[in-house]
Asker: 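Sharing a structure below in C-alpha cells format, with a few things to ask.
It should be emphasised that the depicted structure is a prediction, and the values quoted were computed from it without experimental measurement.
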Amino acid sequence: LHATVRGLVLRQMLTGGATNDVVAAELGLHTRTLHRRLAEAGTSFQKIKDEVRCELTRYYLARTDVSFLWITAKLGFAEQAVFTRFCQRQFGCSPRALRRQSREEKLLSHCNT
C-alpha cells in the first residue's frame, strides 16, 4: 500500500497537488479507510507526502534553476514561507542553502572523477 500511495502522490504532485481524498478515491477507498490501513502499515498519508516532497525538493534544487516560488506551488505548499520551514525541518537549512550545497557537491563529484 505504501508504494502504491507513494506513486499516486508523486503523480498527483507533478500534475497539481496531492490530497488524501483523491488518493483514496483512486484506490476505491474511503479516506478514513486509507488512513487506517496506512496506520496499520506504520505510516501515514502525510509521512508519504513529505517523503515525496523531500525527493522532489532535492531534485528541483539540485538539477533545475526553477524559482523557489515555482517549487512552492508545484509541491503544494500554501506559500514560500511554508516551503522554507519544510526545508529547515527536513534538511536543516534554507532552500537557497540546500541548492548551493547540492551544486557544490555536484561540482566536487565531477572533480573527483
Side-chain angles (χ1 to χ4, degrees):
L1 182 63
H2 183 276
T4 302
V5 170
R6 197 173 187 300
L8 291 170
V9 167
L10 177 60
R11 188 178 77 211
Q12 287 178 17
M13 205 166 283
L14 294 174
T15 59
T19 66
N20 56 5
D21 294 332
V22 175
V23 170
E26 286 201 34
L27 294 171
L29 301 172
H30 188 279
T31 305
R32 283 182 282 172
T33 303
L34 173 64
H35 285 267
R36 189 172 52 254
R37 289 188 181 168
L38 288 172
E40 289 167 359
T43 191
S44 70
F45 183 81
Q46 191 60 49
K47 285 180 186 177
I48 294 170
K49 189 172 179 177
D50 284 346
E51 288 173 11
V52 172
R53 281 176 162 168
C54 281
E55 289 179 19
L56 289 174
T57 296
R58 284 187 183 278
Y59 173 80
Y60 289 134
L61 293 177
R63 307 232 182 248
T64 73
D65 289 322
V66 297
S67 71
F68 298 138
L69 191 58
W70 185 90
I71 297 170
T72 297
K74 192 69 168 177
L75 300 184
F77 291 104
E79 56 187 50
Q80 195 166 339
V82 178
F83 174 58
T84 299
R85 285 193 302 273
F86 174 81
C87 287
Q88 290 286 355
R89 195 172 50 253
Q90 297 294 326
F91 306 111
C93 61
S94 69
R96 180 170 278 111
L98 186 58
R99 178 171 269 169
R100 185 175 49 249
Q101 176 186 4
S102 298
R103 291 186 176 176
E104 288 171 1
E105 288 172 3
K106 185 177 177 183
L107 180 63
L108 287 175
S109 70
H110 287 315
C111 293
N112 293 331
T113 57

Asker: Thr64: which residues meet the side-chain hydrogen bond (donor to acceptor under 3.5 Å, both in side chains) condition with it, sequence neighbours left out?
Answerer: none
Asker: Give me the atom names and distance for the closest heavy-atom approach of Gln90 to Asp50.
Answerer: NE2-OD2, 4.4 Å
Asker: Which atom names give the shortest non-hydrogen contact between Leu38 and Ser44, and what distance separates them?
Answerer: CD1-C, 4.0 Å
Asker: Measure from NZ or CZ of Arg58 to the centre of the six-membered ring of Phe91, then state whether that distance is under 6.0 Å and the direction lies within 45° of the axis.
Answerer: no
Asker: Taking only residues two or more places apart in sequence, or in another chain, which ones meet Asp21 in a side chain to side chain contact (heavy atoms under 4.5 Å, CB included)?
Answerer: Thr19, Thr31
Asker: Out of the candidates Arg99, Arg85, Gln88, only one should pair with Ser94 under the side chain to side chain contact (heavy atoms under 4.5 Å, CB included) rule; please name it.
Answerer: Gln88
Asker: What residues form a side-chain hydrogen bond (donor to acceptor under 3.5 Å, both in side chains) with Gln80, not counting sequence neighbours?
Answerer: none
Asker: Please name the pair of heavy atoms, one in Leu75 and one in Arg53, separated by the smallest distance, quoted to 0.1 Å.
Answerer: O-NE, 2.9 Å
Asker: Mind jotting down which residue pairs meet the ring-ring contact (aromatic ring centres under 6.0 Å, His included) criterion with at least one end in residues 29-68? Sequence neighbours excluded, please.
Answerer: Tyr60-Trp70
Asker: Among residues at least two apart in sequence or on other chains, which ones pass side-chain hydrogen bond (donor to acceptor under 3.5 Å, both in side chains) with Glu55?
Answerer: Arg6
Asker: Report yes if some heavy atom in the side chain of Leu8 is under 4.5 Å from a heavy atom in the side chain of Leu27; otherwise report no.
Answerer: yes
Asker: Mind checking what makes side chain to side chain contact (heavy atoms under 4.5 Å, CB included) contact with Ala41, not counting sequence neighbours?
Answerer: none
Asker: Main chain of Ala18, side chain of Lys49: is a donor-acceptor contact present, judged purely on distance under 3.5 Å?
Answerer: yes
Asker: Do you know which two heavy atoms are closest between Thr43 and His2, and how far apart they sit?
Answerer: CG2-CD2, 3.8 Å
